[in-house]
Amino acid sequence: MTINATAPILLAMWVVVAEESGVDPASLRGMLQNEMPKEFLARKAYIYDIDTGMRYSLDVLEHCIRHLPKVNPVSLSGGHAREAGASRALEVACGIADAEVYLQGMVDRGLGVDEVARRFTFIFGAHMELLAEAAKFRVVRSLYAQRLRERWGATDRRRGSWVPVSRCEPTRSWRRSRTSPGTSIR
């Protein structure tokens, strides 16, 4: 679900529908965006103040970690910062900084870093400079793993813990139609 402010409500509805249909909610699979810092940083599409929005996001994250093992409860988006005018480097920094905000929130609630980090997914844009974008994804993997090990003491080397699960959105290359209208065929 690519939804943020209403993620807690929609997740609750999804769980109720599963229960009423005789499906164990623990078997649900999916991914929520549920990322409030991005709404304040890049989109300005928030309905709660930052503290309330973060509390709701952390509540969803904690609930999914404890009760919905196949749901990735947050998708951290550096790509939205890039769309809002950030450089490639700032896009990476925003995505990793968001991850650290969520890690701190979950550690404060008594959950372990390795238990939490593997449930994160990331969204980054893929713009027109192929080699630079490929290098960006390599930097994300390396920097994220380094931060998890050195700052957070992570020990789980599995995919999703040290190696972030990322999704690339080539549609974020919106600039090509503005600067090169001949290459944007609709």
Side-chain angles (χ1 to χ4, degrees), residues 2 4 7 29-43 50-51 53-66 68-173:
T2 305
N4 291 295
R29 289 182 168 272
M31 180 185 72
L32 303 172
Q33 190 162 359
N34 185 38
E35 203 228 326
M36 293 313 298
K38 177 259 306 171
E39 294 299 323
F40 285 85
L41 175 70
R43 302 265 326 269
I50 187 68
D51 293 332
M54 278 304 298
R55 183 170 47 88
Y56 289 163
S57 282
L58 291 170
D59 289 347
V60 167
L61 187 57
E62 182 177 6
H63 179 78
C64 289
I65 289 169
R66 294 187 190 281
L68 303 172
K70 297 176 184 175
V71 174
N72 289 327
V74 65
S75 190
L76 305 154
S77 180
H80 286 86
R82 183 89 177 269
E83 279 186 345
S87 66
R88 187 176 289 113
L90 189 54
E91 174 187 14
V92 170
C94 288
I96 291 174
D98 283 356
E100 292 192 1
V101 166
Y102 282 99
L103 283 172
Q104 186 63 60
M106 291 293 92
V107 167
D108 290 347
R109 291 179 179 212
L111 294 165
V113 169
D114 289 317
E115 181 181 18
V116 174
R118 71 174 172 257
R119 303 293 292 279
F120 291 169
T121 60
F122 289 83
I123 303 170
F124 292 102
H127 292 257
M128 296 300 288
E129 305 86 16
L130 178 64
L131 296 178
E133 293 299 312
K136 174 183 74 181
F137 282 100
R138 292 179 60 112
V139 166
V140 167
R141 285 194 312 269
S142 175
L143 185 58
Y144 184 66
Q146 180 183 1
R147 296 288 294 175
L148 284 174
R149 283 190 315 269
E150 293 176 6
R151 178 172 183 208
W152 296 97
T155 58
D156 188 349
R157 298 180 61 109
R158 291 179 292 174
R159 180 175 172 254
S161 291
W162 284 7
V163 179
V165 176
S166 296
R167 108 176 179 230
C168 173
E169 294 191 358
T171 57
R172 296 203 184 281
S173 298

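All of these numbers come straight from a predicted model, not from anything done at the bench.
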**Request:** Kindly assign one of parallel, tilted or perpendicular to the pair F122 and F124, based on the angle between their ring planes and the thresholds 30° and 60°.
**Result:** parallel
Got a second to check how far [X]'s [atom1] is from [Y]'s [atom2], nearest 0.5 Å?
X: I65; Y: L111; atom1: CD1; atom2: CG; answer: 5.5 Å
X: Q33; Y: I123; atom1: CD; atom2: CD1; answer: 4.5 Å
X: M31; Y: S75; atom1: CE; atom2: OG; answer: 4.5 Å
X: I96; Y: E91; atom1: CD1; atom2: CD; answer: 10.5 Å
X: N72; Y: R29; atom1: CG; atom2: CZ; answer: 9.5 Å
X: L131; Y: K136; atom1: CG; atom2: NZ; answer: 13.0 Å

Ignoring hydrogens and angles, tell me if any N or O in the side chain of [X] forms a donor-acceptor pair with the backbone of [Y] under 3.5 Å.
X: R119; Y: C64; value: yes
X: E62; Y: R109; value: no
X: R118; Y: D114; value: yes

**Request:** Please report the closest heavy-atom contact between L32 and V71, naming both atoms and the distance.
**Result:** CG-CG1, 4.4 Å
**Prompt:** How about Q146 and L143: do any of their side-chain heavy atoms sit closer than 4.5 Å?
**Reply:** yes
**Message:** Determine whether R151 and L103 satisfy the following criterion, side-chain contact (heavy atoms from CB on, under 4.5 Å), listing intermediate values before the conclusion.
**Reply:** CA-CA 11 Å; R151 178 172 183 208; L103 283 172; over 6 Å; no
